[in-house]
Amino acid sequence: MRKRFEQQHKLGIIPISEVQLPIKSRDELPPILRALQHIYVTPELNEEVFKILEGKVQKGKKKTGRYGMDLWHILVLSVVRLGLEANYDRLEDFANHHKLIRQILGVETEFGEGKRFSIQSIKDNVSLLDEETIRQINEVVVRAGHKLVKKKEEGLRIKADTYVLESNVHFPTDLNLLWDAARKSLDVIEGAIREGLLEGKGWRKGRYWGRELKKLMRISTKALFGGRRNKEEAAKDWVKRYLGMARGLSEKIEVGMLAIYERVLSTNQVEVCAVKIERLEYFHGMLNKHIDLVERRVLRGEQIPVGEKVYSLFEPHTEWLYKGKANHRVELGHNILVASDQWGFIVEHQVIERQAEVSLSIPLADRLLSRFGRDAIGSISFDKGFYKRENKELLNLYISEVIMPKKGRKNRAEEAEESSKTFKKLRHKHSAVESDINRLEHHGLDRCLDKGLKAFKRYCALGVVAANLHKLGNVLQERARKQQGKLRKAA
């Protein structure tokens, strides 16, 4: 059973509404905590956010049993993690020892006592939130921000662009991916031996296999990419040795898998061992796949189709992205579509999976129009990568100002449109979205530390909420500073 949050009236505890936050600090934490405090003390925001959290975390669960982490604690810890770009170890330290964070959590007392959070509890509870839940909370935060900064009839000036959020993977080559598959297969085999699913006889040289394969991988890589005489012949010779040993290991693993199947079926442990068997099958399959890829690419000189390539065994959803910009840098991850308004709030985001930019503008506009209404959006701007004439004409039916510069040669009408004062003014302001993207990267969205596509999307959504709370907190901090100045003058 979970509660929203009921602050206990203990001796020395400070109510969340009375927590004093520094208003002149330039650190990222005080604005985030002030925005969280604002949500907690504003009844309509409090009710809306807790309803969203209850709809996800408590859905289908009985209101009896052992107490779990309060919903307020889950929200605060999730946001602080991305807001400060912290890993779980640092977050656990903050949750137990940082005075301001503990005061906003509502667990700090003047006597140093209070609730403590274990790192496993933090991991388990933060992961309960999903992308859609966090997206709904983000909409509440954006509305709260607009209420403070937006004039009544002022239209939104939307700017949209994409950037790459990287996965937490090493740079892939066929040779080192083959080594990854081999070492992980050996790790699973070793675990199966320890648990009695496989006899150790025949696997006494398991560590030797690992050492030799790693040595051959390094020598083959150096031979392929280093500079020397007769480079091609030497490289092929070492790669043949590497593949020969990898094939031998694959055959040995196949025999071991059959022995594991027999043992599991005979002892009726199918459900208990299902995960381990699935992992072994996956890594053994990847081992065979990369033996084939290395042979075709290096020994036969084939060009491997993109659809057959895998860029990480541990994050198989990862894409190879090359945006063709000045730095010519390959990035491994996913494109993130970001749409921000004139005040810097991220009003919409999306993790893009194998889609071109030209296909994103219409779905984005549709989501924005359905949420804010047709009259609320004054303009929307894109860069040249989004250009498609049909899309621009369709958008012009619903949004008065559509800034979508054309790639290549322009006719007279297009030249006149892009030379107009309004077009040039809004196009110059479009670059502000790059600043918003940079702010996201400083809120943890430069590299995703979580594992799996679902967790990747959740991580991205949390980073957006943290950035918006930081922006909302800055607005509230500025108001607090002005209020303090007025009080000093009056005194």
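What's counted below: heavy atoms across the whole structure, side chains too, no hydrogens, waters or symmetry copies.
- Ion pair R371/D366 not flagged as a salt bridge, since none of the NZ, NE, NH1 or NH2 atoms sits closer than 4.0 Å to an Asp/Glu carboxylate oxygen.
- When ring centroids are compared, H73 and F117 come within the 6.0 Å threshold.
- Between the side chain of S121 and the main chain of S118, no donor-acceptor pair closer than 3.5 Å is present.
- Just one residue in the list N46, L36, V49, L53 forms a side-chain contact (heavy atoms from CB on, under 4.5 Å) with W72, and that residue is L36.
- A donor-acceptor distance shorter than 3.5 angstrom exists from the side chain of H290 to the backbone of M286, with no hydrogens or angles considered.
- E139 has no carboxylate O lying under 4.0 Å from a charged side-chain N of R135, or vice versa, which leaves the two without a salt bridge.
- Side chain of S419 to backbone of E415: a donor-acceptor contact under 3.5 angstrom is found.
- Checked against the 6.0 Å centroid threshold, W343 and H146 count as a close aromatic pair.
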field: Evaluation steps, side chain to side chain contact (heavy atoms under 4.5 Å, CB included), between Y282 and L313
entry: CA-CA 9 Å; Y282 172 73; L313 303 192; 4.3 Å; yes

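- Contact check on E418 versus K406 returns no salt bridge, with no Lys/Arg side-chain nitrogen under 4.0 Å from an Asp/Glu carboxylate oxygen.
- Side-chain atoms of E315 come within 3.5 Å of backbone N or O of G452 as a donor-acceptor pair.
- Side-chain atoms of K407 never come within 3.5 Å of backbone atoms of Y387 as a donor-acceptor pair (strictly under, hydrogens ignored).
- One finds the CG atom of L105 at 7.5 Å from the CD1 atom of I16 (value rounded to the nearest 0.5 Å).
- Ionic pairing of E478 and R481 is present here: one or more N-O contacts between side-chain nitrogen and carboxylate oxygen are shorter than 4.0 angstrom.
- Around atom CZ of F314, more than 12 heavy atoms belonging to other residues, nucleotides or ligands sit under 6.0 Å away.
- The structure places NE2 of H170 at 6.0 Å from OG of S312, a figure rounded to the nearest 0.5 Å.
- Across C460 and H349, no two heavy atoms sit closer than the pair SG-CD2, 3.7 Å.
- A salt bridge links R458 to D450: at least one charged side-chain nitrogen sits closer than 4.0 Å to a carboxylate oxygen.
- Judged by distance alone, the side chain of N138 and the main-chain N or O of I134 form no donor-acceptor pair under 3.5 Å.
- Considering SG of C448 and CD1 of I336, their distance stands at 9.0 Å, rounded to 0.5 Å.
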message: Applying side chain to side chain contact (heavy atoms under 4.5 Å, CB included) to R34 and R479, what does each step give before you reach the verdict?
response: CA-CA 11 Å; R34 188 170 291 276; R479 289 193 168 197; over 6 Å; no

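- Under a 3.5 Å cut-off, the side chain of R102 and the backbone N or O of A95 do form a donor-acceptor pair.
- Contact check for I137 versus L75: side-chain heavy atoms found under the 4.5 Å cut-off.
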message: What verdict does the side chain to side chain contact (heavy atoms under 4.5 Å, CB included) test give for Q37 and V19, after you've listed the backbone C-alpha separation in whole Å, the side-chain angles of each residue and the deciding distance to 0.1 Å?
response: CA-CA 8 Å; Q37 185 185 47; V19 175; 3.7 Å; yes

Intermediate values then yes/no, side chain to side chain contact (heavy atoms under 4.5 Å, CB included), M404 and S361: CA-CA 10 Å; M404 191 182 284; S361 57; 4.1 Å; yes

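- Taking 4.5 Å as the limit, every side-chain heavy atom of V330 sits out of range of all side-chain heavy atoms of L321.
- Between F382 and F386, the ring planes are tilted. Angles from 30° to 60° get that label.
- D161 and H430 are not linked by any side-chain donor-acceptor pair at a separation below 3.5 angstrom, with hydrogens and angles left out of the test.
- Atom CD of Q20 sits in a sparse spot, with 12 or fewer heavy atoms from other residues, nucleotides or ligands closer than 6.0 Å.
- Inter-residue side-chain proximity for L476 and L148 is flagged as met; some heavy-atom pair is nearer than 4.5 Å.
- A salt bridge links E44 with K147: the distance from a Lys NZ or Arg NE/NH1/NH2 to an Asp or Glu carboxylate oxygen falls below 4.0 Å.
- Looking only at distances, a side-chain donor or acceptor of Q477 sits under 3.5 Å from a matching main-chain atom of P22.
- Applying the 6.0 Å contact sphere to NZ of K451 captures no more than 12 heavy atoms from other residues, nucleotides or ligands.
- Atom CD of E153 is surrounded by 12 or fewer heavy atoms from other residues, nucleotides or ligands within 6.0 Å.
- Under the 4.0 Å criterion applied to side-chain N and carboxylate O atoms, E353 and K457 are assigned as salt-bridge partners.
- A salt bridge links R439 with D436; the closest basic N to acidic carboxylate O contact falls under 4.0 Å.
- Side-chain contact check for R157 versus L426: some heavy-atom pair is nearer than 4.5 Å.
- When atom types are taken as modelled, the side chain of S167 and the backbone of T318 share no donor-acceptor pair closer than 3.5 angstrom.
- The neighbour count for Q303 CD, taken as heavy atoms of other residues, nucleotides or ligands under 6.0 Å away, does not exceed 12.
- Here K392 pairs with E417 in a salt bridge; the nearest charged N to carboxylate O distance falls below 4.0 Å.
- In the displayed structure, K388 atom NZ is contacted under 6.0 Å by at most 12 heavy atoms of other residues, nucleotides or ligands.
- Counting heavy-atom neighbours within 6.0 Å of E278 CD, excluding the residue itself, gives a total of 12 or less.
- Side chains of D446 and E85 form a contact here, defined as non-hydrogen atoms less than 4.5 Å apart.
- Salt bridge present: K56 and D130 bring a charged side-chain N and a carboxylate O closer than 4.0 Å.
- The NZ atom of K150 sits 8.0 Å away from the CD atom of Q342 when rounded to the nearest 0.5 Å.
- Summarising the local packing, NZ of K454 is surrounded by 12 or fewer heavy atoms from other residues, nucleotides or ligands at distances under 6.0 Å.
- A pairwise comparison of heavy atoms in A365 and L395 identifies CB-CD2, 3.3 Å as the closest pair.
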Working for salt bridge (Lys or Arg N to Asp or Glu O under 4.0 Å), residues K99 and E108: CA-CA 7 Å; K99 186 176 179 180; E108 180 73 356; over 6 Å; no

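- Judged by distance alone, the side chain of N391 and the main-chain N or O of V358 form a donor-acceptor pair under 3.5 Å.
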